[in-house]
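Notes for the one structure printed next.
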Amino acid sequence: MDIQQAIIERHSVRSFTDQRIEGEIKSSLEEAIEECNRESGLNIQLCLDEPNAFGGMRAHYGKFENCKNYIALIGKAGTDEICGYYGEKLVLKAQQLGLNTCWVAMTYNKSKAPCILNKGEKIQIVIALGHGKTAGRPHKSKDMMQLSRVEGEMADWFKRGMEAAMLAPTAVNQQKFIITQNGNTVSAKPLAAFFSKFDIGIVKYHFEIGAGKENFSWKED
């Protein structure tokens with residue numbers, strides 16, 4: 001599937017089968033992670049056949065079942081947004097490869113993840129992944145006008161970007177963000193909420209895919 005279809009079809013999944021991630025799917029994931037690390041400066045790592053991080057009461061509370069594979073988003077302080085951006089790039093790549101995913105902020109034990117951390121780094125957030133027992137379900141969304149502001153007339157590309165942004169996963173489906181169009185300049189602001197800085201990176205990646213990066217520029221902070 002193309003990436004537009006991946007955005008539509010991707011939903012959070014917490015229960016996985018025993019089918020392993022191997023062969024071309026594994027190689028494609030590893031290549032995508034290497035590319036993201038080169039571009040972002042993050043230290044993203046793929047953990048496969050590793051049941052310990054999702055083996056305790058936290059995972060039980062989060063309703064995870066048979067989760068043995070995940071991507072650890074690792075970086076220094078202040079990398080929340082970039083972790084969200086590149087993490088969602090990998091989420092959609094996984095969807096294109098026939099895998100299912102779920103963003104996980106708290107309901108896992110990061111101390112049991114066998115990741116190698118450089119000085120000043122920590123596991124910021126992880127993405128559970130594997131062959132889901134189901135494809136998941138769509139989440140409800142706020143109205144577009146609740147999530148956007150437009151100076152003048154809304155451009156078609158902006159509307160397409162918002163449609164993609166509204167499909168972005170956010171913590172507990174809170175959608176705590178505002179995206180503003182002013183001519184060909186766009187700003188995306190996280191609102192006060194848990195994990196909203198990760199969310200805004202996810203949302204911006206979706207917006208770029210829907211709007212087309214050639215049609216606008218992000219407002220410099």
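Residue numbers start at 1 and run along the sequence shown. The structure displayed is predicted, hence computed values, not measured ones. Side chains are part of it too, since the values below use all heavy atoms of this structure and drop only hydrogens, waters and symmetry mates.
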Non-hydrogen side-chain atoms of [X] and [Y] separated by less than 4.5 Å:
X: H139; Y: P169; value: no
X: K189; Y: I200; value: no
X: H11; Y: P138; value: yes
X: K68; Y: D18; value: yes
X: N215; Y: D156; value: no
X: I127; Y: V104; value: no
X: V13; Y: C102; value: no

Separation of [Y] [atom2] from [X] [atom1] (nearest 0.5 Å):
X: Q19; Y: I25; atom1: CD; atom2: CD1; value: 7.0 Å
X: E24; Y: L29; atom1: CD; atom2: CG; value: 12.5 Å
X: R160; Y: M154; atom1: CZ; atom2: CE; value: 12.0 Å
X: L191; Y: D199; atom1: CG; atom2: CG; value: 10.5 Å
X: C83; Y: F198; atom1: SG; atom2: CZ; value: 5.5 Å
X: F54; Y: N109; atom1: CZ; atom2: CG; value: 10.0 Å

Identify whether the distance between the nearest side-chain nitrogen and carboxylate oxygen of [X] and [Y] falls below 4.0 Å.
X: K112; Y: E50; answer: no
X: K204; Y: E88; answer: no
X: K93; Y: E31; answer: no
X: K159; Y: E163; answer: yes
X: R20; Y: D49; answer: yes

Write down the atom of [X], the atom of [Y], and the distance for their closest heavy-atom approach.
X: I202; Y: A168; value: CG2-CB, 4.0 Å
X: I71; Y: L46; value: CG1-CD1, 3.8 Å
X: C47; Y: C115; value: SG-SG, 3.7 Å
X: A188; Y: I179; value: CB-CG1, 4.2 Å
X: I21; Y: G130; value: CD1-CA, 4.0 Å
X: Q174; Y: A193; value: OE1-CB, 3.1 Å

Would you say [X]'s side chain and [Y]'s backbone share a donor-acceptor pair under 3.5 angstrom?
X: N37; Y: I44; result: yes
X: R10; Y: T101; result: yes
X: H206; Y: A164; result: yes
X: T107; Y: G62; result: no
X: E65; Y: R14; result: no
X: S148; Y: M144; result: yes

Determine, using the 4.5 Å side-chain heavy-atom cutoff (strictly less than), whether [X] and [Y] are members of one ILVMFWY cluster.
X: F207; Y: I178; value: no
X: L147; Y: F216; value: yes
X: I123; Y: L42; value: no
X: L73; Y: L99; value: yes
X: I125; Y: L129; value: yes

Has [X] got more than 12 heavy atoms of other residues, nucleotides or ligands less than 6.0 Å from its [atom1]?
X: M106; atom1: CE; result: no
X: Q146; atom1: CD; result: yes
X: K26; atom1: NZ; result: no

Steps toward side-chain contact (heavy atoms from CB on, under 4.5 Å) verdict (S28, L97): CA-CA 8 Å; S28 293; L97 293 171; 3.8 Å; yes
For the rings on F16 and F64, is their centre-to-centre separation under 6.0 Å?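 Between F16 and F64, the centre distance exceeds or equals 6.0 Å.
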- Below 6.0 angstrom between ring centroids: does that apply to Y70 and Y108?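 Not under 6.0 Å, so no.
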Determine the sole option in Q124, E121, K122 for which the side chain to side chain donor-acceptor pair (under 3.5 Å) test with T79 is passed.
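Output: one option passes, namely Q124.
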Given the rule in the side-chain contact (heavy atoms from CB on, under 4.5 Å) test, do F194 and K176 qualify, once you have shown the distances and angles that lead to the verdict?
-> CA-CA 9 Å; F194 290 119; K176 291 290 188 178; over 6 Å; no
Practice prompt. Decide yes or no on side-chain contact (heavy atoms from CB on, under 4.5 Å) for S141 and L167, but give the supporting numbers first.
Written response: CA-CA 8 Å; S141 177; L167 294 174; over 6 Å; no
*Candidate pair Y85 and E208, rule side chain to side chain donor-acceptor pair (under 3.5 Å), full reasoning*: CA-CA 11 Å; Y85 184 94; E208 286 181 357; 2.5 Å; yes
Determine, stepwise, if the pair Y86 / Y205 fulfils ring pair (Phe, Tyr, Trp, His ring centres under 6.0 Å).
CA-CA 8 Å; Y86 282 95; Y205 186 65; 7.9 Å; no
Q181/W157 under side-chain contact (heavy atoms from CB on, under 4.5 Å): CA gap, chis, key distance, verdict: CA-CA 10 Å; Q181 176 200 346; W157 57 261; 4.2 Å; yes
